[in-house]
Number of protein chains: 2
Amino acid sequence: MATQRGGGDGGDGRSEIERHLELLWRVAERPRRGPRPGLTVEEIVSAAVGVADADGLGAVSMQRVAAELGYTTMSLYRYVQSKEQLVELMADAAVGPPPDIGEAAGWRDRVELLSRALVECNRRRPWLLRVEIVGPPSGPMQLAWFEAYLEALAECGLAGYERVAVTLFINGAVRELARIAVQIEQARRAGGVSDESAGAAYAAALRRFAVPERFPNVAALVAEGVFDPEPADGGPVAAPDGADWGLVDEIGADITFGLRRLLDGVESYAREREHQAGTA
Amino acid sequence: MATQRGGGDGGDGRSEIERHLELLWRVAERPRRGPRPGLTVEEIVSAAVGVADADGLGAVSMQRVAAELGYTTMSLYRYVQSKEQLVELMADAAVGPPPDIGEAAGWRDRVELLSRALVECNRRRPWLLRVEIVGPPSGPMQLAWFEAYLEALAECGLAGYERVAVTLFINGAVRELARIAVQIEQARRAGGVSDESAGAAYAAALRRFAVPERFPNVAALVAEGVFDPEPADGGPVAAPDGADWGLVDEIGADITFGLRRLLDGVESYAREREHQAGTA
DNA sequence: ACGAAACAGTGTGCGCTATACACGATTAAG
DNA sequence: CTTAATCGTGTATAGCGCACACTGTTTCGT
């Protein structure tokens, strides 16, 4: 394993994780001596994000980022402790702030709007989905999204820790579904030789390997045509209620459905508890 | 980007993705000429999994795996097209088959049992959570879990594609939540110097950066003590109904809550539709 | 039976990676 | 003006994935 960020100490009083957080939040204690730094963490992160946007996460190397800035590789280490940390800074910066969903609609719509915006973020920067989440939301932007979800859920009738649970649950589901969708999308864009799109290839694979004896349910769904790229007539209704996720239709519909069931459950749970509280 | 698995062709008729799937499913077309292979894909994958179990995913290199088998690095490439592919094979093999949940209880309990088992898998092999999912469930084990979820949801009253949506939704949420929990767990285990555990450090960080002006909801929850490692009295009730995920209690409770709300929503949705169908 | 073709495993080498370390140049504190 | 801290650079190391050429083995076509 690389550097475990447990209780290490760099010589001064602050632990490693503490300094990491200070970097995330740009707590800049100005250096007291020595030459003026020619770079800022901001610049480095933004250059790295630029590289990732242009050529993917795999193209982000210390050398490439430094070259982009006209500096040498090692100079970056004056600002960042490791590449791993740089990637985390990138991830936080690149999600950007959550949209300002006014007081437009009810809390359910707000949650859905927020989730749609989150998907949109990840769709525009597919490499974000390849950055692994290292823990609970810590950076400014991550925390801003967290805050936004909690705010959206403020009046849904759930207790504090319950709202946290729902937020994390939704985030996880959305991220994972978006990952699948984006990957399909990319494969589809890259597919040149054969006519069949990646979705069709997947359907064909299922048809081949999901034998009814061992995988009866999957096989039945395959037979239904659920996994066919173009939803067959009467198949999954794409984007009900005008919910457009900008994703492969099928996955978008999946998110919509799962999210709405979850919110249904939240609603009924809150209602029931309110009722209990009233009679108690 | 590395190798896009779009429509490449290796000379024979089968596309790259096709050959990948055949390897996942161990479709062995025996070679017609030449010496007998001294290794099998099975051995290689199992050796690689052993390395990952022992020293983490970062320790898995072609050299290391080959050395473990007493072969040279390059010999592995006779069986596997790339390291990326090997990792995928590892991921599929390492989750193992889903547990056989009998006809014990209702579909809700079956889904919860399955999810608990999935979390347990990832808890015992934390490196699994660091392997990025590359697409819809394709490997034998991945598909077996998919099948198990669909089977568990068979009698919940949902249509086919709706069950798919719920399955993917749950999988995503469970995976992401488990990732956070495992990371906290590891950090806690590695934390030696300072007394405060990683959870406490996170709570402290939130207390420092989640100022009420910009993050009122988060700040309020921090003040409530929701993020404190030891749940304060009256805080989040740990493991209601005896639901033990083997994880950090707080995250386990999060999964339980989110999952049950989702299933609540599924139940009411199915009931309502059945009712509609009855009156139609 | 025999040449040819296919295949297994090895050795070498290339380009790339992160990053440790020592060094000169620069700046501010005492 | 000394001294300590810092910035940026140059150099070096250990490791990585993997392309390629090569030897030796096995089996097919004849």
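Values below: all heavy atoms of this structure, side chains included; hydrogens, waters and symmetry mates excluded. Chain A is the first sequence line, chain B the second, and so forth, proteins listed ahead of strands; every chain is numbered from 1.
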task: Determine the interplanar angle of the B:Phe209 and A:Trp25 rings, folded into 0 to 90°, and report it as parallel if under 30°, tilted if 30 to 60°, perpendicular if over 60°.
output: parallel
task: Look at the rings of A:Phe227 and A:Tyr202 and say which category their plane angle falls in: under 30° parallel, 30 to 60° tilted, over 60° perpendicular.
output: perpendicular
message: Can you tell me if A:Arg33 touches the phosphate of C:dG30, counting only side-chain N or O atoms and a distance under 4.0 Å to OP1 or OP2?
response: no
message: Does C:dC16 have OP1 or OP2 under 4.0 Å away from a side-chain N or O of A:Gln63?
response: no
query: Is A:Arg19 paired with A:Glu22 through a side-chain N to carboxylate O contact shorter than 4.0 Å?
result: no
Cationic N near anionic O, under 4.0 Å, B:Arg179 to A:Glu132: no
- request: Apply the side chain to side chain contact (heavy atoms under 4.5 Å, CB included) test between B:Trp145 and each candidate in B:Pro98, B:Pro97, B:Pro137; give the one that qualifies.
  value: B:Pro98
Between [N] ([atom2]) and [X] ([atom1]): distance, integer Å:
{"X": "B:Ile44", "N": "C:dG9", "atom1": "CD1", "atom2": "C1'", "value": "12 Å"}
{"X": "A:Glu84", "N": "C:dT19", "atom1": "CD", "atom2": "P", "value": "8 Å"}
{"X": "B:Arg64", "N": "D:dG17", "atom1": "CZ", "atom2": "C1'", "value": "17 Å"}
{"X": "A:Leu86", "N": "C:dT19", "atom1": "CG", "atom2": "P", "value": "10 Å"}
{"X": "A:Met62", "N": "C:dA20", "atom1": "CE", "atom2": "C1'", "value": "13 Å"}
{"X": "A:Gln81", "N": "C:dA18", "atom1": "CD", "atom2": "P", "value": "16 Å"}

- request: Would you please test A:Leu76 and A:Leu39 for side-chain contact (heavy atoms from CB on, under 4.5 Å) and show each step?
  value: CA-CA 9 Å; A:Leu76 301 188; A:Leu39 284 170; 4.2 Å; yes
Side-chain H-bond candidate by donor/acceptor type, [X] with [Y], under 3.5 Å:
{"X": "B:His20", "Y": "B:Gln85", "result": "yes"}
{"X": "B:Trp127", "Y": "B:Asp53", "result": "yes"}
{"X": "A:Ser82", "Y": "A:Tyr77", "result": "no"}

task: Go through D:dC18, C:dT26, C:dA18 for me and flag the one nearest to the A:Pro35 side chain.
output: C:dT26
message: Take N1-N3 plus N6-O4 or O6-N4 for Watson-Crick, N1-O2 plus O6-N3 for G-U, both under 3.5 Å. Which runs of 3 or more such pairs involve DNA chain D?
response: C:1-30 with D:1-30
- prompt: Hey, can you pull the residues of residues 69-80 of chain B with a non-hydrogen atom under 4.0 angstrom from DNA chain C?
  reply: B:Tyr71, B:Thr72, B:Met74, B:Ser75, B:Arg78, B:Tyr79
statement: Result for 5'-nearest mapping on DNA chain D, choosing between B:Val60 and B:Arg36, is B:Val60
